[in-house]
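Since the structure comes first, as structure tokens, the remarks are kept for the end.
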Amino acid sequence: MRNKIITLFIALVWLINGLFCKVFNFVPRHEQIVARILNLEYSRFLTILIGCLEVLMAIWILSRYKARLNATFQIIIIAVMNILEFVLVPDLLLWGPLNAFFALLFIIVIYYNELHLIKK
């Protein structure tokens, strides 16, 4: 039961960040980050694309299809994204350097949920 609740939480994080923060643009800072990192005039389009991919990630998580591969993919994406943001646009991060700490916590939750709880 605990695994299902944590899995739902993880999927909701991806869904909220993808759909509401990026696609619906409730958090314009995400588009600013994309624009600064990729330095493109297509930042809105790319932000929507990234948001849609995050929604697909939430669906993939809930489907439990190849769950270990999914968890590995999530961990890599979160780590790379946060390293890039920390190095390239630290002034746009919601919690500044603490973003890296929260990203690490999220990575630990994903790892624990998929690789520890599933074994039990």
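Linking ILVMFWY side-chain heavy atoms closer than 4.5 Å, directly or via other members, places Leu49 and Ile77 in two distinct hydrophobic clusters. Residues Leu56 and Val34 fall within the same hydrophobic cluster, defined by Ile, Leu, Val, Met, Phe, Trp and Tyr side chains chained together at heavy-atom separations under 4.5 Å. Linking ILVMFWY side-chain heavy atoms closer than 4.5 Å, directly or via other members, places Ile107 and Ile6 in a single hydrophobic cluster. Cluster annotation: Ile16 is connected to Ile59 through the hydrophobic network of ILVMFWY side chains, with a link wherever side-chain heavy atoms come within less than 4.5 Å.
At a threshold of 4.5 Å between non-hydrogen side-chain atoms, the residues Leu15 and Met57 do not count as touching. The closest side-chain heavy-atom distance from Ser43 to Leu38 is not below 4.5 Å. Taking the side chain as every heavy atom from C-beta outward, Arg44 and Asn25 approach each other to under 4.5 Å. Considering only heavy atoms from C-beta on, Trp60 comes within 4.5 Å of Leu69 through its side chain. Residues Leu8 and Ile61 are not in side-chain contact: their nearest non-hydrogen atoms beyond the backbone lie 4.5 Å or more apart. A 4.5 Å side-chain heavy-atom check between Thr7 and Arg64 finds at least one atom pair inside the cut-off. At least one side-chain heavy atom of Ile10 sits under 4.5 Å from a side-chain heavy atom of Phe106.
The distance from atom CG of Leu88 to atom CD1 of Ile83, rounded to the nearest 0.5 Å, is 11.0 Å. Lys22 contributes atom NZ, which lies 10.5 Å from atom CG of Leu53 (distance to the nearest 0.5 angstrom). In this structure, OH in Tyr112 is found 14.5 Å from CG in Leu105, a value given to the nearest 0.5 Å. Separation of atoms CG (Leu62) and CG (Asn70) is listed at 9.5 Å; rounding is to 0.5 Å. For the atom pair Arg29 CZ and Cys21 SG, the distance stands at 7.5 Å (nearest 0.5 Å).
Looking at every heavy atom in both residues, Ala11 comes nearest to Ala58 through O-CB, 3.4 Å. Closest of all the heavy-atom pairs between Trp14 and Gln74 is NE1-OE1, 2.8 Å.
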Checklist entry - Would Phe45 and Ile50 satisfy side chain to side chain contact (heavy atoms under 4.5 Å, CB included), going step by step from the backbone distance to the final call? => result CA-CA 9 Å; Phe45 170 76; Ile50 293 166; over 6 Å; no

Item to check | Derivation and outcome, side chain to side chain contact (heavy atoms under 4.5 Å, CB included), residues Glu85 and Ile33 | outcome: CA-CA 8 Å; Glu85 291 172 348; Ile33 291 169; 3.8 Å; yes

Next on the checklist: Quick one, Val89 with Gln32, criterion side chain to side chain contact (heavy atoms under 4.5 Å, CB included). Give me CA distance, side-chain angles, the key distance, then yes/no.
Outcome noted: CA-CA 9 Å; Val89 289; Gln32 293 172 333; over 6 Å; no

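Salt bridge Arg36/Asp91: present, at least one basic N to carboxylate O contact under 4.0 Å.
Using modelled atom types, one finds a donor on one side chain and an acceptor on the other under 3.5 Å when comparing Asn113 with Asn3.
Relative orientation of the Phe24 and Phe26 rings is tilted, given thresholds of 30° and 60° on the angle between their planes.
Partner Asn82 forms a side chain to side chain contact (heavy atoms under 4.5 Å, CB included) with one of Val80, Ile78, Leu84 and no other, that one being Ile78. For the side chain to side chain contact (heavy atoms under 4.5 Å, CB included) with Phe9, the lone residue among Val13, Leu12, Ile5 that qualifies is Val13.
Within the structure, ring pair (Phe, Tyr, Trp, His ring centres under 6.0 Å) pairs that include any residue of residues 71-102 comprise Trp95-Phe102 (at least two apart or interchain).
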